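Written out below as structure tokens is the structure these notes cover.
The chain is numbered in sequence order, starting from 1. All values derive from a computational prediction rather than experimental measurement. The figures that follow rest on heavy atoms only: side chains count, while hydrogens, waters and symmetry mates do not.
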Amino acid sequence: MLELLICSLVTILPDYLYRRYAQGKRFGKEITFFSVWYELRWGITACLMLTVSLITMIFYFHPATSSATLYFRTVPILPEGSGRVADVNVGFSAPVKKGDVLFTLDSSKQRAAVETAKRKVAEVDAAMQTAQADVVKAEAQLGEARANYQQAKDELEVKTELQRRNPGIVPQRDIDKLQVLVDQRQSGIDAATAAKQSVSLQVSALLPAQKASAEAALDQAQVDLDKTSVRAGVDGRVEQFLVRPGDVVNQLMRPAGVLVPDGAGRKALQAGFGQIEAQVMKQGMVAEATCISKPWVIIPMVITTVQDYIAAGQFRSGEQLIDPQNAVRPGTILVFLEPLYKDGLDGVTPGSSCIVNAYTSNHEVISAKDTPTSRKIALHVVDGVGLVHALLLRIQALLLPIQTLVLSGGH
């Protein structure tokens with residue numbers, strides 16, 4: 001309607017003034033409701049053509065959308081396992097810091113596992129002390145075996161020497177018995193040495209490995225026990241936290257609530273523009289936005305990212321072929337906008353609906369020396385009609401709260 005009124009000021013109104021004052025025709029006489037089309041046909045035709053051209057130019061080169069909002073990511077509050085809630089430390093809605101315990105699960109099984117692991121570590125420590133005593137015992141036995149071996153060996157050498165000097169003075173049977181005894185005592189030394197090595201290996205390798213395994217099992221049990229305390233992963237605010245003692249929660253079907261991180265939805269605005277404007281939307285374009293949660297305020301924005309893909313074309317592989325006619329609604333070009341000035345989104349509630357206008361700028365092309373004059377004039381017109389769209393946005397900013405109240409029934 002505004003475009004039609006503007007176009008009529010330069011088409012129908014001059015035509016009427018010419019016929020009224022230049023040709024002397026009067027409204028109600030020569031110009032009546034029945035003769036308006038014939039008398040003002042040139043102005044009406046030019047007005048309609050100019051209106052269509054102006055609307056096309058405005059909405060193509062200066063696109064607008066009402067599909068804009070401040071999306072924000074929430075963190076689901078979930079335990080790593082499943083269990084029954086034992087204690088709840090926060091209310092339905094409350095601010096939390098990173099690391100704060102939100103709720104705890106029943107940990108009787110995990111505590112028993114921790115206690116069992118501690119007892120296993122203590123058992124290995126006791127075995128270590130026993131093994132160290134066995135090392136001392138094995139060393140003593142080895143010394144005894146060496147002494148007995150030396151005694152038998154000395155006696156064998158003495159009788160052998162006597163037999164050599166005076167053959168027949170020592171019975172050969174006694175010498176053979178002593179040789180067997182020496183061999184026996186040598187075997188005793190070998191056995192004591194092996195026993196000492198076995199006990200030493202237990203002290204130096206086996207028992208430390210068992211202790212390390214027991215300590216690892218204790219650490220694992222402690223980790224499982226710590227998992228029963230569900231903590232906040234980031235600073236933020238807990239919302240809709242309805243879990244109570246006795247509830248059963250798990251990762252698949254029973255989340256406890258949501259955690260909204262600090263600053264979520266307060267840095268950027270996402271808007272979806274029509275696909276026909278894909279060639280116009282560029283990174284760095286200046287834009288303006290107005291949101292329901294902050295009425296009667298125009299927020300200067302700048303486009304920081306234009307998504308290269310349209311969500312309507314996304315699919316998952318399955319057992320059925322894709323039929324394009326099943327896509328009922330065409331997708332939009334998703335763009336990300338950030339405030340042009342610091343704290344520009346202060347006061348805008350994350351998730352609120354917004355209206356966004358983007359404006360094409362041809363300043364660099366117009367400033368170029370090799371640009372033809374006719375093109376400069378055309379680009380000046382394109383940039384100039386952006387004022388009409390900016391005016392429309394301000395009218396929408398004034399009417400948006402009223403429209404929202406009417407649609408909501410005044411509640």
Side-chain donor-acceptor contact under 3.5 Å, T371 with R375: no

So for atom CD1, which belongs to I276, do other residues, nucleotides or ligands contribute more than 12 heavy atoms lying within a distance under 6.0 Å? no

Donor-acceptor under 3.5 Å (T65 side chain, S67 main chain): yes

For I303 and M281, the nearest pair of non-hydrogen atoms, with its separation, is CD1-CE, 3.3 Å

Close side-chain approach of I298 and L393, heavy atoms under 4.5 Å: yes

Hey, is NZ on K294 packed in by over 12 heavy atoms from elsewhere, all under 6.0 Å? yes

Can you establish whether the number of heavy atoms outside K153 located under 6.0 Å from its atom NZ is more than 12? no

Check for a donor-acceptor pair, side chain of N89 on one end and backbone N or O of V101 on the other, with a separation under 3.5 Å. yes

Using a 6.0 Å cut-off, check whether atom OH of Y341 has over 12 heavy atoms from anything other than its own residue. no

Does atom NZ (K118) have a neighbourhood of more than 12 heavy atoms from anything else shown, all under 6.0 Å? no

Please confirm whether the backbone N or O of T349 pairs with a side-chain atom of S352, one donor and one acceptor, at under 3.5 Å? yes

M285 vs T360 side-chain heavy atoms within contact, under 4.5 Å: yes

Between F61 and N362, is there a side-chain heavy-atom distance shorter than 4.5 Å? no

Would you say that more than 12 heavy atoms from the other residues, nucleotides or ligands in this model lie under 6.0 Å from the CD of E239, or not? yes

So, does R84 use its side chain to make a donor-acceptor pair with the main chain of G246 at under 3.5 Å? yes

Shortest non-hydrogen separation from E288 to Y359 and the atoms involved: OE1-OH, 2.8 Å

Judged by atom type as modelled, is there a donor-acceptor pair below 3.5 Å linking the side chain of H380 to the main-chain atoms of I366? no

So do T290 and V297 actually touch side chain to side chain, heavy atoms under 4.5 Å? no

Determine whether more than 12 heavy atoms belonging to other residues, nucleotides or ligands lie under 6.0 Å from atom CZ of R73. no

Look at atom CZ of R394 and say whether more than 12 heavy atoms of other residues, nucleotides or ligands are closer to it than 6.0 Å. yes

Below 4.5 Å, heavy atoms only, C-beta onward: do V302 and L337 meet side chain to side chain? no

Less than 3.5 Å apart, any donor N or O on the side chain of Y309 or Q314 sitting next to an acceptor on the other? no

Flag for T228-Q110: side-chain donor and acceptor within less than 3.5 Å: no

Name the atoms and distances for all side-chain donor-acceptor pairs under 3.5 Å in residues 120-143, with sequence neighbours left out.
| from | atom 1 | to | atom 2 | distance (Å) |
| --- | --- | --- | --- | --- |
| D125 | OD1 | K211 | NZ | 3.2 |
| T130 | OG1 | A126 | O | 3.0 |

